[in-house]
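Okay, so here's the structure we're looking at.
Order of the sequence lines fixes the chain letters, A, B, ..., with proteins taken first and strands second; residue numbering starts at 1 for each chain. Only this structure's heavy atoms are used, side chains among them; waters, hydrogens and symmetry mates stay out.
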Amino acid sequence: MSGETLRFDAVRDGDRLPELAIPLTATLIVGGAIVSRDFTPVHHERAAAQAQGMSDVFMNILTTNGLVGRYVTDWAGRDAVLQRVAIKLGAPNLPGDTMTFSGRVVARDETERAVDVEITGANAWGHHVTGTVRVRLP
Amino acid sequence: MSNSEELERALARYVGAEIGPPAVGPDLVNAPMVRHWCEILGDANPVYTDPDVAARSVHGGLVAPPTMLQVWTMAGVALAGGGGPAADLQQELHALLSEHGYTSVVATNCEQVYDRYLRPDDRVTATTVIEAISPEKTTGLGTGRFIDTRTTYRDAKGERVAWMTFRVLKFKPAQPAQAASPAAAPAKPRRLRPLRSHDNDWWWQGVARGDLLIQRCAECGTLRHPPRPMCGACQSLRWDSVAASGRGVVYSHVVMHHPPIPGYGFPLAVALVELEEGTRIVSNVVGCAPDAVRIGMPVQLEMQDVDEELRLPLFRPVSGAAEEAR
Amino acid sequence: MTRTLRDAAAIAGIGQTEFSKSSGRSELQLACEAVKSALDDAGLSPRDVDGMTTFTLDTTDEIEVARAVGIGDLRFFSRTPHGGGAAIGVMHQAAMAVATGSAEVVVVYRALNGRSGQRYSQGVASDVVTSDLIHWSWYLPYGLLTPASWVAMFTQRYLHETGTTSEDLARVAISTRRHAVNNPNAFFHGRPLTMDEHQSSRMIVAPLHLYDCCQETDGGCACIVTTPERARDLRRGGVLIRAVAQAAGAEQEVMTSFYRPSLTRVPEMEVVAKQVYAMSGLGPRDLDAAVIYDAFTPIVLWQLEAFGLCKWGEAKDFVRDGGLDLGGRLPANTHGGQLSEAYIHGMNGVNEGVRLVRGTSLNQPARNDHVLVTAGVGVPTSAMILGKM
């Protein structure tokens with residue numbers, strides 16, 4: 001991430017965020033589950049995931065939330081303050097795939113100096129996550 | 001009273017209820033857990049891990065990533081246990097729905113709103129209320145009921161630091177045949193294969209050899225694509241083929257956005273390319289942003305193995321064309 | 001007056017391929033050879049053919065055979081179900097077409113690899129390679145898989161050649177929505193559409209936005225067709241079918257006729273228009289209202305041009321001038337269309353056409369002597385003109 005934080009006045013409605021591709025390794029999926037203290041077996045044991053009809057372990061929602069937050073602050077900079085993260089989940093994230101984030105500024109709140117960013121994380125199956133993140137800028 | 005009425009009445013009792021006593025985070029918010037999180041997620045924001053930079057930041061000191069909110073009160077290894085008696089009302093509700101055939105569960109929505117970022121040594125307590133249970137809905141996964149919960153997070157002083165709504169679908173899985181999901185499928189979906197028959201197999205064999213072929217009437221010389229067994233101009237059944245030069249221009253094009261079809265990578269640029277020989281072919285344009293494709297853009301054939309089994313003739317803007325079109 | 005098919009049709013030529021246990025070629029090719037052979041026998045050229053009929057079980061589409069053999073515009077095509085029971089059924093279809101003037105030269109065909117391909121003796125098969133699947137195979141690997149994507153390919157070119165814009169497409173959707181607002185049966189009852197909402201709605205397949213696309217609906221529609229004499233005695237009287245016609249154009253594909261010289265015309269609809277005008281003795285100027293098939297907004301523009309309501313490339317001006325609105329030149333889709341009422345594959349439009357002539361539309365225009373109702377665009381298609389008894 002860059003050192004500079006975006007200024008609210010420099011952000012326009014419709015601005016696009018640079019895309020970010022996240023390789024979906026088993027390390028990320030299992031590690032993400034463990035650092036979020038989510039020991040539900042489907043996130044770290046393949047047999048448990050397969051018993052639910054999935055081909056392999058799949059990413060937990062806390063990791064997804066974390067990656068969404070990271071995507072927006074990577075773009076906005078370190079002094080950007082996340083205020084709200086609202087997401088909808090779709091296709092699961094499985095090892096061997098790649099999730100590519102894209103995003104767009106869809107609203108600006110002059111009084112709060114906050115912007116709403118619409119984000120999509122797409123993998124080979126479709127949309128893993130879509131949502132809106134509200135971030136306050138200096 | 002019918003079974004379903006009985007279930008409705010039983011479910012109604014859960015709506016509005018707190019699932020149990022507040023969950024108290026077993027650890028204070030702490031730097032090691034934050035560092036582990038940032039390391040695995042690749043989050044390099046120094047306000048989470050570098051005390052000096054954090055001190056000069058808008059936060060005035062180290063903070064935890066706000067999206068770690070749920071981590072602080074997670075049950076941990078206990079989640080791997082399964083079975084056993086329900087520990088709270090939420091588990092009891094899930095068990096009740098499982099008994100009625102809604103055996104699977106999937107999280108569908110999550111909203112978190114942060115009053116402030118958490119800091120090292122914060123003690124987090126979470127209170128969860130079951131807000132709503134929907135009537136039975138039909139979804140792509142199967143019929144089920146959405147359960148909405150709302151969790152309020154407070155610090156040691158009892159001040160609210162954040163709240164979260166969470167929606168899960170508790171459902172009866174659809175028949176495996178109609179499940180449009182990665183269930184029991186290869187980890188990575190692939191493009192749909194073309195079907196082969198007498199009338200197109202030779203063309204795909206050409207592609208396998210690296211040639212983009214155009215069918216030519218052996219009587220009157222008319223070129224035709226897509227291939228077909230008879231010449232529409234002279235009705236001859238005799239034909240051969242010529243290899244295309246691979247040069248062409250975009251005659252028309254689209255960008256596929258919705259619905260995202262597994263195996264392709266959306267947004268996806270599809271173009272109708274007019275080859276210099278005069279026939280047209282539908283293909284993908286690669287090597288430039290999908291929205292940079294323009295009518296009239298010169299393109300060049302590029303044979304690509306899109307997976308282990310499928311080779312496709314694709315097209316790439318000739319160098320500089322994408323910039324010029326903009 | 002009683003009409004029968006007595007002496008109304010004749011067989012002018014016959015043709016066939018060799019019969020074998022393994023033809024070594026596709027059913028499409030067998031069909032082409034048989035058709036060519038019959039045409040030669042009759043001394044006719046492919047361009048003389050204007051009707052085709054076969055079995056529903058045939059794996060080869062009429063328009064695939066037409067394209068391959070070089071048959072031009074079609075005015076009649078039909079299929080008969082029930083296996084071998086269709087064999088004289090197809091002759092019946094052809095005779096009716098000829099007797100009624102729906103077509104002049106009808107090709108009847110059937111071709112199958114019944115031993116080397118799908119053997120009916122082996123029971124029901126799930127992996128029959130039909131000409132239709134081979135057709136789609138030119139698009140499947142590239143992801144061009146949805147109706148919106150096929151229509152978008154034509155749309156991009158149309159916008160490019162005519163200077164029509166996405167805002168012009170929006171005007172079609174907005175006009176139609178205005179009608180749905182008054183229709184309690186419409187999905188979008190009471191919910192008008194603004195230009196802003198249209199333009200900011202998500203892209204489905206660029207250049208088509210969400211509100212350029214019709215809905216997906218569960219529902220059914222039906223109507224009763226009888227003789228004018230019988231209708232006169234019935235409770236509601238009758239709405240007269242002044243003319244009805246179908247057509248497939250030369251070089252037709254199902255939704256993907258990308259290989260014709262122009263992508264910005266719908267030749268099959270032009271053939272339909274010519275027929276319904278000739279049959280009814282009416283012209284574009286006689287039309288008072290219309291139900292124009294609107295699975296997507298741009299196809300409404302192309303039909304305005306095909307039916308001669310404006311010149312090529314000028315449909316955008318027709319719409320900008322409020323031509324589709326109540327009080328406009330041709331009030332259209334007064335039920336809200338498939339964009340805003342419901343998508344019942346055009347049959348809800350048939351019912352609205354009847355209401356328009358009866359004078360009972362929820363958005364009833366003042367004049368209603370002649371009402372045009374059209375069917376799908378980009379495929380072999382059809383239309384009718386309704387009028388008063």
Side-chain angles (χ1 to χ4, degrees), chain A residues 1 3 5 22 27-28 31-32 34-41 44-45 48 50 52-56 58 60-70 73-74 77-92 94-97 100 102 122-127 131 134 138, chain B residues 33 36-47 53-54 57-59 65-72 74-82 104 106-114 117 165-166 173 176 179 181-190 259-267:
Chain A
M1 67 183 303
T5 304
I22 309 264
T27 308
L28 173 60
I34 302 312
V35 298
S36 54
R37 287 180 48 73
D38 183 351
F39 284 84
T40 313
H44 63 267
E45 267 181 30
Q50 285 174 343
Q52 283 212 0
M54 306 300 291
S55 62
D56 207 337
F58 55 94
N60 71 338
I61 192 168
L62 282 78
T63 305
T64 300
N65 258 329
L67 291 172
V68 167
R70 176 196 150 189
T73 51
D74 272 7
R78 69 184 189 215
D79 279 338
V81 178
L82 296 176
Q83 296 189 307
R84 172 175 179 267
V85 175
I87 64 169
K88 181 168 186 253
L89 290 169
L94 291 157
D97 203 346
T100 304
S102 56
N123 63 26
W125 288 101
H127 292 166
R134 191 175 177 82
Chain B
M33 281 173 69
H36 298 156
W37 166 280
C38 291
E39 207 171 286
I40 197 81
L41 266 61
D43 196 331
N45 193 336
V47 300
V53 177
S57 77
V58 65
H59 301 288
T67 53
M68 274 185 85
L69 182 63
Q70 285 172 278
V71 173
W72 306 113
M74 284 297 273
V77 178
L79 291 167
S104 297
V106 62
T108 63
N109 299 75
C110 176
E111 177 183 13
Q112 300 182 339
V113 174
Y114 316 110
Y117 276 32
T165 58
F166 207 90
S181 78
K188 231 173 159 172
R190 304 187 308 179
I261 302 162
Y264 292 86
F266 273 47

Please classify the contact of [X] with chain A as side chain, backbone, both or neither, using a heavy-atom distance under 4.5 Å.
| X | result |
| --- | --- |
| B/Val106 | neither |
| B/Val113 | both |
| B/Thr108 | backbone |
| B/Ala54 | neither |
| B/Pro66 | side chain |
| B/Leu69 | neither |

Could you have a look at [options] and say which one has the most heavy-atom pairs with chain B under 4.5 angstrom?
| options | result |
| --- | --- |
| A/Asn123, A/Leu28, A/Val81, A/Thr100 | A/Val81 |
| A/Ile22, A/Ile34, A/Leu89, A/Leu67 | A/Leu89 |
| A/Val68, A/Leu62, A/Ile61 | A/Leu62 |

Ignoring hydrogens, what is the shortest heavy-atom contact between [X] and [Y]? Give both atom names and the distance.
| X | Y | value |
| --- | --- | --- |
| A/Thr5 | A/Arg78 | OG1-N, 3.4 Å |
| A/Ser36 | B/Trp37 | CB-CZ3, 3.8 Å |
| A/Gly32 | B/Ile40 | N-CG1, 3.9 Å |

All salt bridge (charged side-chain N to carboxylate O under 4.0 Å, His left out) counterparts of A/Arg37, not counting sequence neighbours: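 For A/Arg37 there are no salt bridge (charged side-chain N to carboxylate O under 4.0 Å, His left out) partners, ignoring immediate neighbours.
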
Examine the side chains of A/Thr40 and A/Asn60 and answer whether a donor and an acceptor come within less than 3.5 Å of each other.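 The answer is no; no qualifying pair exists.
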
Test of understanding: with ring-ring contact (aromatic ring centres under 6.0 Å, His included), list the residues that count as partners of B/Tyr114, not counting sequence neighbours.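 B/Tyr114 satisfies ring-ring contact (aromatic ring centres under 6.0 Å, His included) with no residue once adjacent residues are dropped.
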
Determine the option with the most heavy-atom pairs under 4.5 angstrom with chain A, choosing from B/Thr165, B/Asn109, B/Val47, B/Leu41.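 It is B/Leu41.
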
Where on A/Thr27 is there a heavy atom nearer than 4.5 Å to chain B: the side chain, the backbone, both, or neither?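 For A/Thr27, heavy atoms of backbone and side chain both lie under 4.5 Å from chain B.
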
Contact part of A/Ala80 toward chain B, heavy-atom cut-off under 4.5 Å: side chain, backbone, both or neither?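 The backbone, not the side chain.
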
Just verifying a value: how many Å separate A/Arg134 CZ and A/Gln83 CD, rounded to the nearest 0.5 Å?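 The CD atom of A/Gln83 is 6.0 Å from CZ of A/Arg134, to the nearest 0.5 Å.
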
Would you give the length of the straight line joining atom OG1 of A/Thr64 to atom CZ of A/Phe58, rounded to the nearest 0.5 angstrom?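 That separation rounds to 10.5 Å.
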
